[in-house]
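Here's the structure we're looking at; comments come further down.
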Amino acid sequence: MAKSLNLALQGGGAHGAFAWGVLDRLLEEDFKPKAISGTSAGAMNAILLAQGWQNGGALGAKALLDKFWLEVSLNSPSELLGSQLPDAQVTSMTGWVMDVLRYISPYDLNPLDINPLRYLLDEIVDFEALRESNAIKLFIAATDVASGKIRLFREHELTVEHALASACLPTLHQAIEIDGKHYWDGGFSGNPAVYPLIYDCHEDDILMVLLQPIQGRELPTSSHAINQRITELGFHSTFLREMRAISYTVEQAKEQYFALSGIERRFRRLRFHLIESDEVLSSLEQSSKYDTRQAFLQELKAFGRLKAEHWIDSNWRDIGQRSTCDLKSLFL
């Protein structure tokens with residue numbers, strides 16, 4: 001019998017190839033994704049999995065994910081650099097370019113707002129068919145620039161604009177306008193958003209695939225390391241706050257034995273699972289999130305498959321039975 005899972009996929013640019021590897025391995029198991037919450041690169045993986053599943057089940061999802069990440073690498077400026085320069089120099093140059101872009105508005109540098117991701121998504125994703133399907137629930141996070149609030153786009157309304165909104169880094173691209181409102185990367189407000197998988201779904205098992213480890217690295221002391229950690233915290237703190245609130249509510253519900261409300265019973269039933277990148281991605285430079293060379297993406301995919309393999313060996317039998325992630329020790 002297929003196991004049902006809801007997925008929460010974190011964003012992180014090119015590091016999303018790690019989650020690609022995780023999903024690639026999971027799709028070889030007898031499991032059915034019921035709902036997916038995704039942000040930025042996590043949103044891309046969510047949309048591709050749902051579209052591929054609609055086309056051909058698990059094999060279709062694997063194939064479409066492969067196609068997307070291959071096309072990303074083939075259209076990568078860093079692929080051209082990587083053919084002639086060693087990894088360290090490519091990372092250094094990418095970091096330098098990203099630092100420069102902090103001082104140049106995309107409205108000046110790219111007035112036509114040309115985005116290769118738009119053309120790629122238009123080519124391989126049939127958004128009309130995706131909107132008509134209800135096989136997998138989707139929650140695609142973006143950040144309302146004016147209010148700072150999270151906005152979750154659902155599968156029945158998705159267009160390429162909604163996908164781009166979730167991955168819109170304000171230093172690289174102009175804000176995405178949808179229905180008169182402007183949106184930036186969803187990582188500012190939810191990376192990923194877990195609450196819709198609790199309140200808008202019925203399945204009790206939630207697997208979180210994180211590109212940034214919960215436990216931080218050593219204390220940063222250089223200016224470069226400090227700035228890198230500040231950026232990481234900016235995209236991770238919303239998730240940590242949300243999971244702290246969820247963990248607290250779960251613990252409170254467990255202490256109640258009588259007259260439980262419907263939502264308290266829901267929280268008592270929840271089973272959380274976690275696959276995170278550990279030290280490998282956290283040891284990489286922040287600029288590596290923009291490194292889309294094929295060799296690098298394939299390396300991250302292989303690492304994601306390996307982590308998923310280890311997690312499956314240890315935890316797969318417990319799906320549907322118990323949590324394999326201790327929320328209390330991680331978030332409280």
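As a basis for the values below, the full set of heavy atoms in this structure was taken, side chains included, without hydrogen atoms, waters or symmetry mates. A quick note: this is a predicted structure, and the numbers were derived from the prediction, not measured. The chain is numbered in sequence order, starting from 1.
For Trp184 against Pro170, the heavy-atom pair with the smallest separation is CE2-CB, 3.3 Å. Ala193 and Glu242 get closest at one heavy-atom pair: CA-OE1, 3.6 Å. Taking all atoms of both residues into account, the shortest heavy-atom contact from Ser4 to Ile319 is O-CG2, 4.3 Å. Nearest heavy atoms, Ala141 versus Thr39: CB-OG1, 3.4 Å. Between Ser222 and Ala225, the closest heavy-atom pair is OG-N, 3.1 Å. Considering every non-hydrogen atom in both Trp69 and Gly13, the closest pair reads CH2-O, 4.0 Å.
Remark: Arg244 engages no residue in a salt bridge (charged side-chain N to carboxylate O under 4.0 Å, His left out) (not counting sequence neighbours). Here Arg241 pairs with nothing under the side chain to side chain donor-acceptor pair (under 3.5 Å) rule; sequence neighbours left out. When the side-chain contact (heavy atoms from CB on, under 4.5 Å) test is applied to Glu128, the partners found at least two apart in sequence or on another chain are Asp126, Arg131, Glu132.
Ring-centre distance between Tyr183 and Phe153: below the 6.0 Å cut-off.
Interatomic distance, Lys67 NZ to Leu48 CG, rounded to the nearest 0.5 Å: 11.0 Å. Considering CD1 of Ile206 and OG of Ser37, their distance stands at 9.5 Å, rounded to 0.5 Å. Separation of atoms CZ (Phe267) and OH (Tyr199) is listed at 3.5 Å; rounding is to 0.5 Å.
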I'd like to know whether Leu330 forms a side chain to side chain contact (heavy atoms under 4.5 Å, CB included) with Cys325, so could you lay out the CA-CA distance, the side-chain angles of the two residues, the decisive distance to 0.1 Å, and finally the verdict. CA-CA 8 Å; Leu330 288 173; Cys325 167; 3.4 Å; yes
Side chain to side chain contact (heavy atoms under 4.5 Å, CB included) assessment of Tyr107 paired with Asp113: CA-CA 8 Å; Tyr107 294 85; Asp113 200 25; over 6 Å; no
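In summary, Asp318 and Arg271 do not engage in a salt bridge, as defined by a charged side-chain N under 4.0 Å from a carboxylate O. A salt bridge links Arg305 to Glu28: one of the charged nitrogens lies within less than 4.0 Å of a carboxylate oxygen.
For the pair Leu270/Leu327, no side-chain contact is recorded, criterion being any heavy-atom separation below 4.5 Å from C-beta on. By the 4.5 Å heavy-atom criterion applied to side chains, Asp204 and Arg266 are counted as neighbours. Side-chain contact between Asp24 and Leu65 is absent, with no heavy-atom pair separated by less than 4.5 Å. Within the 4.5 Å cutoff, no side-chain heavy atoms of Thr324 are placed close to those of Leu274. Within the 4.5 Å cutoff, side-chain heavy atoms of Phe331 are placed close to those of Ile214. Here the side chains of Tyr195 and Ile150 are in contact, with some heavy-atom distance below 4.5 Å. The side-chain heavy atoms of Phe296 and Leu284, taken from C-beta on, include a pair separated by under 4.5 Å. In this structure the side chain of Phe272 reaches within 4.5 angstrom of the side chain of Ile246, judged on heavy atoms.
Contacts classified as salt bridge (charged side-chain N to carboxylate O under 4.0 Å, His left out) and involving residues 29-42 (residues at least two apart or in different chains) are given here: Arg25-Glu29. Residue pairs meeting the salt bridge (charged side-chain N to carboxylate O under 4.0 Å, His left out) criterion with at least one member in residues 136-160, sequence neighbours excluded, are Arg151-Glu157.
Residue Leu306 is found outside any hydrophobic cluster, as its side-chain heavy atoms come under 4.5 Å of no other Ile, Leu, Val, Met, Phe, Trp or Tyr.
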